[in-house]
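The next block holds one structure in the form of structure tokens; read it before the comments.
For clarity, every value in this text was computed on a predicted model and none was experimentally measured. Both ligands and their constituent atoms are indexed starting at 1 by order of listing.
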Amino acid sequence: MSNSNMERGAFVASSKIVDTIAVIGLGLIGGSFAKALKEAGAARRVIGFDRRPEELSVGLSIGVIDEAAQTLKQAVLDADVVVLAVPVRAVEDVLGQIKYDFKPGAILTDVGSVKGCFVGAVERIFQGVDEANRPVVVPGHPIAGSEKSGVAAADATLFANHKVILTPLSEQNPEAVEVIRSLWSCCGSTVLEMGVDHHDDVLAATSHLPHLIAFSLVDTLAGEGDSKEIFKYAAGGFRDFTRIAASDPVMWSDIFLSNSDSTLKVLDHFADDLATLREAIANQDSKTLLGVFTRAKAARDHFSKILSGQAYTTIMNTKNVVFKMKSGGEVQGVIRVAGDKSMSHRSIMLGSLADGVTEVEGFLEGEDSLATLQAFRDMGVVIEGPDEGRVKIYGVGVNGLKKPPGPIYLGNSGTGMRLFAGLLSGQSFDTELTGDESLSKRPMERVAAPLRLMGAVIETGDQGRPPMKIKGNSQLKGTHYDMPMASAQVKSCLLLAGLYADGETSVTEPAPTRDHTERMLNGFGYSVKREGATASLVGGGSLTATKIDVPADISSAAFFLVAASITPGAHLTLKHVGMNPTRVGVINILRAMGGHIEISNESEVGGEPVADLTVSYRPLKGINIPEDQVPLAIDEFPVLFIAAVCAEGKTVLTGAEELRVKESDRIQVMADGLKAVGVDTLVTADGIEIVGSEIAGGVVDSHGDHRIAMAFAVASLRAKGEIVINDCANVATSFPNFEALAKQVGMQISVEHE
Ligand code: NAP
């Protein structure tokens, strides 16, 4: 329709009031829409038409419509918006009867559950009609309803808090779309837009197939000889699962016949999967059954989290989590902090590649390691759990991974993405790695470039950032690589690629970095040699499943080490902390500043040293942080900066440019945050200078960086006023129970979700 036609329409889009609306097909959906529009005052006049006069009388008597039209033509002639709410297979017949009757500028919309057939019918019917006399068509579908039918069941609240999908056509007038959008908004619906084919595919999978299965299951059971017995003993699960089998049979047979292509596609897929389950039961194949059930459970749990707004994707994109920290507080007691993130990641990776079943305890159930776990499930690995830190991985062997169904989403996890890049370079299938907004800004060429030297075929996105596209079937060859920067992630990435390379892969680091990958590979029986600054392995070997008790993460412990070190009177014991020599920089630096940390109960777990740490308050002094300690404390600097603010004199950090490409530019973001709480610092290219001073309090932006958020939470122990920290949702990525432990030791934290 032309703009002039739109202008002649009697509705006023901006005020969301339409003069006259005609609803054709006054059943459950048409009646409910009419009622909701009338109650919202969105139309001056609602005319109804139905082929059953008794439905119209009921509609009039219960106030669903203002007028009942005697004929289809009479209903349409005067209407600014015509709503077709008849069964999908009746659309073409109804439209054929009124194709010349629309008033100029009218909008035609519908509520049908299938969009392709509506759009097809519209094209066929209006082909010969002069363009000026055609209505503007805006296909729609409310994702709400019930098993009831008929106008007597009309409910004005049926669509409130439900979605409505519009599938506007490409040549559509946007004003018309806006009118229909505002009508549904008046009913309390959330309006989305998508393409016609996409709508029909999505609905085939999420609505049509489940209805088919429910009808079929109840029919099958009802046909069993002892059906009465079955229904008598059917428990709540059966009732819930088959509720939709009470839906209107005519409407549903219409829907399947109208959306046959999309439904058949997903039905065939389902039939294949059902056949696999049948075979697994017949063959007593528990591994296949467990695989399907654990994947389904994980997907359903994730789906429930999405629905309640708790999954990482939703939290990170939509919720501002705010830490409100009262000034002062205590740090006392005995705690065990969350499991080590690096080891949790690697236990899943190596357990998946091993032969046999690997059992993990103390697994960190943070979003990053859960993303890794899900990625391996998507690549065909059966993983039970996590259940209170316990995970059981049914390894598939070094060459047993399968192509995932889509891109692998790694949330906020830079470690995950860099390690996966190495591992996936050696597979026989193509993969794509993606992440959230923050991960999508981080540099990936540092792994992509050396992997290419080994023969990998990798594309990175804009400026070498995610997504990473990795080609399968590249024959990797062992190479020596001198790392230009000290990065455990780059080293680990290359060693994991080396598992798939011909010959030896060796990596030399300019300064010591974390060696969890090497230690854990050894723990899985895969030999990694260490000579000076060079780690190497020979490709083509295999890994053997093992047991792993993940130690508490020293990076998480660091917040409490600093908290106790800066709080007068503090005395705190941290149990079972991982003491990998490449990670203990925070202890060395705090001790050099005068901190009092005692180490006891030293032991070794899965090749990794572990100990209890007891910290008591001592006044700290500023130091020049030795550069050789920088890689050993790289993640701990945000909270070490807080220690420096609480120390007497100047602390100088150099050689730490790596900090600028972490989850945030940690030097600048910390300096900005410190300024916001009244502390001036001097930022340098590769570090910072901090002179001990008073912390006033104020509002800090963590820039979505979990370690910045927790560092400022610790700062509150010595602040004069309240510290409010914005954008803290990502704390869940590394330290899911930070709030609980902070409260337990005596910090005054409250967490708000805005
Ligand atoms: P309904 O309660 O049976 O209402 C449909 C009404 O349209 C009935 O009164 C029906 O009369 C009438 N009708 C059928 N053919 C007609 C024709 N040629 N001319 C005039 N009126 C005619 O069904 P509904 O549940 O409201 O469904 C209507 C539409 O909404 C369908 O396209 C369906 O796909 C869609 N929808 C339904 C739901 C749901 O959960 N129910 C949810 C979303 C979308 P008869 O009874 O004589 O056939």
Side-chain angles (χ1 to χ4, degrees), residues 22-36 47-60 62 64-65 68-76 82-99 101 108-122 125 139-160 162-167 184 187 189 191-192 199-200 202-204 206-208 210-211 214-215 243-259 262-263:
V23 177
I24 313 288
L26 202 62
L28 171 74
I29 300 294
S32 299
F33 192 30
K35 196 171 183 191
I47 304 176
F49 177 79
D50 197 278
R51 67 178 179 182
R52 292 185 196 225
E54 61 273 22
E55 289 291 283
L56 287 173
S57 309
V58 174
L60 269 178
I62 59 175
V64 164
I65 49 174
Q70 299 307 311
T71 62
L72 260 175
K73 184 173 178 157
Q74 191 192 350
V76 176
V82 175
V83 182
L84 269 194
V86 296
V88 284
R89 304 265 285 184
V91 163
E92 190 148 356
D93 174 45
V94 171
L95 278 184
Q97 296 177 52
I98 49 176
K99 62 180 176 180
D101 300 330
L108 168 66
T109 187
D110 79 320
V111 296
S113 307
V114 185
K115 302 284 34 109
C117 66
F118 175 71
V119 172
V122 163
I125 292 293
H141 175 206
I143 311 293
S146 84
E147 314 83 77
K148 297 180 187 148
S149 52
V151 72
D155 173 3
T157 63
L158 189 64
F159 310 112
H162 284 273
K163 295 189 173 70
V164 171
I165 301 174
L166 301 183
T167 60
W184 283 112
C187 306
S189 309
V191 184
L192 314 171
H199 168 278
D200 288 355
V202 168
L203 269 290
T206 55
S207 167
H208 306 171
H211 275 84
F215 282 126
R243 177 183 59 79
I244 50 181
S247 302
D248 182 4
V250 178
M251 178 177 116
W252 278 98
S253 82
D254 267 17
I255 289 174
F256 288 115
L257 298 181
S258 308
N259 196 22
S262 299
T263 312

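- Atom 31 (C) of ligand 1 has as its closest protein heavy atom Val86 O, 3.6 Å.
- The ligand atoms of ligand 1 that sit less than 4.0 angstrom from a heavy atom of Met251 are 25 (O), 27 (O), 33 (C), 37 (C), 38 (C), 39 (C), 41 (N).
- For atom 48 (O) of ligand 1, the nearest protein heavy atom (residue, atom name, distance) is Arg51 NH2, 2.9 Å.
- Between the side chain of Thr263 and the backbone N or O of Phe256, no donor-acceptor pair lies under 3.5 Å.
- Close approach to Gly150 involves these atoms of ligand 1, each under 4.0 Å from a residue heavy atom: 2 (O).
- Contact annotation: for Ser146 versus ligand 1, heavy atoms closer than 4.0 Å belong to the backbone alone.
- In this structure, the protein non-hydrogen atom closest to atom 36 (N) of ligand 1 is Ser113 OG, 3.5 Å.
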Just do the side-chain contact (heavy atoms from CB on, under 4.5 Å) check on His211 and Ser247 with the steps written out, would you? CA-CA 8 Å; His211 275 84; Ser247 302; 3.7 Å; yes
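- Proximity of Lys148 to ligand 1 is not established, as no heavy-atom distance is less than 4.0 Å.
- Distances shorter than 4.0 angstrom occur between a heavy atom of Ala144 and an atom of ligand 1.
- In this structure, atom 26 (O) of ligand 1 lies nearest to the protein heavy atom Ile29 N, 2.8 Å.
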Assess whether side-chain contact (heavy atoms from CB on, under 4.5 Å) is satisfied between Leu203 and Ile165, documenting all intermediate values. CA-CA 11 Å; Leu203 269 290; Ile165 301 174; 4.1 Å; yes
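- Here the side chains of Gln74 and Ile47 are not in contact, with every heavy-atom distance at 4.5 Å or above.
- The nearest protein atom to atom 47 (O) of ligand 1, hydrogens excluded, is given as Arg52 NE, 2.8 Å; this is a heavy-atom distance.
- When atom types are taken as modelled, the side chain of Asp200 and the backbone of Gly116 share a donor-acceptor pair closer than 3.5 angstrom.
- For the residue pair Gly140 and Lys115, the shortest heavy atom distance occurs at O-NZ, 2.8 Å.
- Considering only non-hydrogen protein atoms, atom 9 (O) of ligand 1 sits nearest to Asp50 OD2, 2.8 Å.
- Proximity of Val94 to ligand 1, defined as any heavy-atom pair under 4.0 Å, is confined to the side chain (atoms from C-beta onward).
- At the top of the distance list for atom 4 (O) of ligand 1, counting protein heavy atoms only, stands Gly27 CA, 3.1 Å.
- Counting only heavy atoms from C-beta outward, the side chains of Ile65 and Val23 never approach each other to under 4.5 Å.
- In this structure a side-chain-to-backbone donor-acceptor pair under 3.5 Å is present from Glu55 to Val151.
- Within 4.0 Å of atom 2 (O) of ligand 1, at least one protein heavy atom is present.
- Among Ala75, Pro142, Gly145, the residue whose heavy atom sits closest to atom 43 (C) of ligand 1 is Pro142.
- Counting protein heavy atoms only, atom 7 (O) of ligand 1 is closest to Gly25 CA, 3.5 Å.
- Residues Leu84 and Leu108 are in side-chain contact: their nearest non-hydrogen atoms beyond the backbone lie under 4.5 Å apart.
- Counting heavy atoms only, Pro87 comes closest to atom 14 (C) of ligand 1 of the residues Pro87, Ser258, Gly30.
- Within the structure, the closest approach of Val111 to ligand 1 falls below 4.0 Å when heavy atoms are considered.
- The aromatic rings of His199 and His141 lie perpendicular to each other, with more than 60° between the two planes, well past the 30° mark.
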